[in-house]
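Below: one structure, written as structure tokens.
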Amino acid sequence: MQWTLVIPLKPLERAKSRLTATTGDTLRPGLALAFAQDTVAAAVACPAVRDVVVVTDDGLAGRELAALGARIVRDEPVGGLNAALAHGAAAVRAGRPDAAVAALNADLPALRPLELTRVLDSATRFPRSFLSDAAGIGTTLLAAAPGMELRPAFGAASRSRHAGSGAMELPLDDVDSVRQDVDTGDDLRAALALGVGPRTAAAAARLLIAD
């Protein structure tokens, strides 16, 4: 089974607001874009991925991510993260009703294609499944097999909400790059320790220079 990944991205000026204390407002939008670029590049390179759809209204991000091979879908609901994901999944299945769809965070700058393959291959065994984040509180990936609704419930404590909705938690080890999302300065340091993609590395270097 190959998957279509749906990746939501806020307008860059509003993205990753919790990083402001670490990055300031000037560098934060560029870092958020770098996270998304490295996430999409790794996803496109994943053997288990058929294609990648990014739901965003940000013009710059749309152009940059389309250049990496993503299809851009406008965030027409403008109703927040879960509405954007449901809209993206519906756009995919409007053309391919039998598509296997997975929602993936846009802030996984250390993402490794082979680790993502392990997660998606494991997800093929369940109607709906999810991977918790490094903190064990949130979710970085939610998968829906063909014929199953995605039913995203991202946000605070999404791990418990996805489990409560009947999705199976994927009990995988050694997929740290798929779990390490970045919301805070500590998260960014953890991602850098894992080894981030080239765009995030360059943006983080600018942050260090600015400091």
Is [Y] close to [X] at the side-chain level, that is, under 4.5 Å between some pair of heavy atoms?
X: T139; Y: S132; result: no
X: L31; Y: L188; result: yes
X: V92; Y: V6; result: yes
X: D107; Y: K16; result: yes
X: D173; Y: R118; result: no
X: R159; Y: D133; result: no
X: L131; Y: V178; result: yes
X: V55; Y: I7; result: no

To check you understand the geometry: which heavy-atom pair defines the closest contact between [X] and [Y], and what is its length?
X: D75; Y: V78; answer: O-CG2, 3.0 Å
X: A191; Y: V196; answer: O-CG1, 3.3 Å
X: A100; Y: M1; answer: CB-SD, 3.5 Å
X: P47; Y: P113; answer: CD-O, 4.5 Å
X: S177; Y: A110; answer: CB-O, 3.1 Å
X: D187; Y: D183; answer: OD2-N, 2.9 Å

Could you verify whether a donor N or O on one side chain and an acceptor N or O on the other, from [X] and [Y], lie under 3.5 Å apart?
X: R151; Y: S165; result: no
X: D181; Y: T140; result: no
X: T4; Y: D51; result: yes

Do the side chain of [X] and the main chain of [Y] share a donor and acceptor less than 3.5 angstrom apart?
X: R128; Y: L142; value: no
X: S17; Y: R14; value: no
X: T39; Y: A106; value: yes

So, taking the atom named [atom1] in [X] and the one named [atom2] in [Y], what distance separates them when rounded to the nearest 0.5 Å?
X: E149; Y: R93; atom1: CD; atom2: CZ; answer: 8.5 Å
X: R189; Y: L194; atom1: CZ; atom2: CG; answer: 14.0 Å
X: L111; Y: T200; atom1: CG; atom2: OG1; answer: 10.5 Å
X: R179; Y: N105; atom1: CZ; atom2: CG; answer: 12.5 Å
X: T22; Y: L27; atom1: OG1; atom2: CG; answer: 11.5 Å
X: L207; Y: L19; atom1: CG; atom2: CG; answer: 9.0 Å

same_hphob_cluster([X], [Y]) at 4.5 Å side-chain heavy-atom cutoff:
X: I72; Y: L33; value: yes
X: V53; Y: L150; value: yes
X: W3; Y: L141; value: yes
X: V101; Y: L5; value: no
X: M168; Y: V119; value: yes

Worked check of salt bridge (Lys or Arg N to Asp or Glu O under 4.0 Å) between K10 and D58: CA-CA 7 Å; K10 288 181 182 179; D58 191 283; over 6 Å; no

Derivation and outcome, side chain to side chain contact (heavy atoms under 4.5 Å, CB included), residues F126 and L170: CA-CA 9 Å; F126 306 104; L170 300 172; 3.7 Å; yes

Within 6.0 Å of CD in E169, more than 12 heavy atoms from elsewhere: yes

Over 12 foreign heavy atoms within 6.0 Å of CD, Q2: yes

Electrostatic pair D25:R28 at N-O distance under 4.0 angstrom: yes

Verdict with reasoning, L12 to L60, per side chain to side chain contact (heavy atoms under 4.5 Å, CB included): CA-CA 9 Å; L12 296 175; L60 173 61; 4.2 Å; yes

Derivation and outcome, side chain to side chain contact (heavy atoms under 4.5 Å, CB included), residues V73 and H87: CA-CA 9 Å; V73 172; H87 174 63; 3.6 Å; yes

ring-ring contact (aromatic ring centres under 6.0 Å, His included): pairs with one or both residues in residues 136-158, sequence neighbours excluded: F154-H162

Residue from L172, V175, T117 passing side chain to side chain contact (heavy atoms under 4.5 Å, CB included) with S122: L172

Working for side chain to side chain contact (heavy atoms under 4.5 Å, CB included), residues L120 and L116: CA-CA 6 Å; L120 292 172; L116 180 57; 3.9 Å; yes

Stepwise salt bridge (Lys or Arg N to Asp or Glu O under 4.0 Å) test for R74 and D57: CA-CA 5 Å; R74 293 292 304 273; D57 279 340; 2.6 Å; yes

